Each structure stands twice: as C-alpha cells, then as structure tokens.
Amino acid sequence: MTRTVFCRKNQQELEGLDKPPFPGPKGQDIFDNVSRQAWQEWLHHQTLLINEKHLNVMDPKAKAFLDEQRDRFLNNESVEKAEGYVPPTKDANQ
C-alpha cells in the first residue's frame with residue numbers, strides 16, 4: 001500500500017516518499033509533509049540552480065543557499081531562478 005501525505009507544496013494528498021531524504025528533523029519534516037512529486041520537482045530545480053549558478057555543493061555557502069532555496073520552494077515561497085536556462089523545445093517531428 002502506498003503511503004500518502006498532505007503535501008504542503010501542492011496542497012493535496014499525494015504519494016509520499018519511501019524514507020526521509022536525509023537524517024535529522026528537516027529530513028523527517030519533508031518525509032511527513034512533502035509528496036514524492038514535489039520532492040522530484042525540487043531535485044530538478046536544485047540541479048538547475050547548481051548547474052546555472054556553477055555552485056560547488058561542498059562549499060558551505062552554496063549548501064546554505066540550497067538549503068534556504070529548498071525550504072522556500074517546498075513552502076511555495078519565491079525562489080531563485082536559474083538565469084540563462086532555456087527549456088528544451090518540442091521538436092515538431094515528434
């Protein structure tokens with residue numbers, strides 16, 4: 001049976017994560033209140049930020065920035081955009 005949570009990002013009952021994404025209270029909070037779908041959306045956005053802003057995830061300042069952005073993203077607050085990112089266009093032949 002699939003575990004569901006009321007997702008604070010999407011404001012509806014959705015499939016939850018299988019386990020907390022990392023240890024500690026923040027990981028448990030995400031496990032309890034964020035859907036699998038919202039977490040995947042965050043991972044995609046995080047990847048864009050890392051790539052477009054050339055972040056070194058070992059740098060404590062970059063880690064703190066991503067932690068703040070994650071919290072804002074999952075709480076439906078405004079977040080930094082990946083400047084210069086252009087989503088792929090659909091090929092007319094597909």
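Worth saying up front: this structure is predicted, and the values here are computed from it rather than measured.
Contact of the Arg72 side chain with the Ser78 side chain is registered, since non-hydrogen atoms from C-beta on lie closer than 4.5 Å. With a 4.5 Å cut-off on side-chain heavy atoms, Ile30 and Leu17 count as touching. Using a 4.5 Å heavy-atom threshold, the side chains of Lys81 and Leu49 count as separate.
Rounded to the nearest 0.5 angstrom, Asn76 CG and Gln11 CD are separated by 6.5 Å. Here Glu80 contributes atom CD and Phe65 contributes atom CZ; the two are 4.5 Å apart, rounded to the nearest 0.5 Å. Between the CD atom of Gln40 and the CG atom of Leu43 there is a distance of 5.0 Å, given to the nearest 0.5 Å. In this structure, SG on Cys7 lies 8.0 Å from CD on Glu41, to the nearest 0.5 angstrom. To the nearest 0.5 Å, the span separating CD on Gln37 from OG on Ser35 amounts to 5.0 Å.
Side-chain atoms of Asn75 do not come within 3.5 Å of backbone N or O of Glu77 as any donor-acceptor pair. Checking side-chain atoms of Asp29 against main-chain N and O of Pro25 turns up no donor-acceptor pair under 3.5 Å. A side-chain donor-acceptor contact under 3.5 Å links Asn56 to the backbone of Met58.
Under the 4.0 Å criterion applied to side-chain N and carboxylate O atoms, Arg8 and Asp32 are not assigned as salt-bridge partners.
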TODO: Would you check, one step at a time, whether the test salt bridge (charged side-chain N to carboxylate O under 4.0 Å, His left out) holds for Arg3 with Asp18?
DONE: CA-CA 8 Å; Arg3 186 180 81 82; Asp18 293 331; over 6 Å; no
Open item on the list: Determine whether Lys9 and Trp42 satisfy the following criterion, side chain to side chain contact (heavy atoms under 4.5 Å, CB included), listing intermediate values before the conclusion.
Closed with: CA-CA 10 Å; Lys9 168 93 174 133; Trp42 160 247; over 6 Å; no
Open item on the list: Before you tell me yes or no, could you show the steps for Val79 and His45 under side chain to side chain contact (heavy atoms under 4.5 Å, CB included), namely the whole-Å CA-CA distance, both residues' side-chain angles and the distance that decides it to 0.1 Å?
Closed with: CA-CA 10 Å; Val79 293; His45 186 73; 3.7 Å; yes
Open item on the list: Between Leu48 and Lys53, does the side chain to side chain contact (heavy atoms under 4.5 Å, CB included) criterion hold? Intermediate values first, please.
Closed with: CA-CA 8 Å; Leu48 293 176; Lys53 294 184 177 292; over 6 Å; no
Task: side chain to side chain contact (heavy atoms under 4.5 Å, CB included) assessment of Leu66 paired with Val57 - done: CA-CA 9 Å; Leu66 290 171; Val57 295; 4.1 Å; yes
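Checked against salt bridge (Lys or Arg N to Asp or Glu O under 4.0 Å), Glu68 has no partners two or more places apart in sequence or in another chain. Applying the side-chain contact (heavy atoms from CB on, under 4.5 Å) rule to Asp67 yields the partners Lys63, Arg70; only residues at least two apart in sequence or on another chain are considered.
The list of ring pair (Phe, Tyr, Trp, His ring centres under 6.0 Å) pairs with a residue in residues 6-33, not counting sequence neighbours, is empty.
Across Arg36 and Gly16, no two heavy atoms sit closer than the pair NH2-O, 3.4 Å.
With no hydrogens or angles considered, a side-chain donor-acceptor pair links Thr4 and Glu13 at under 3.5 Å.
Under the 4.5 Å side-chain contact rule for hydrophobic residues, Phe73 and Val34 share a cluster.
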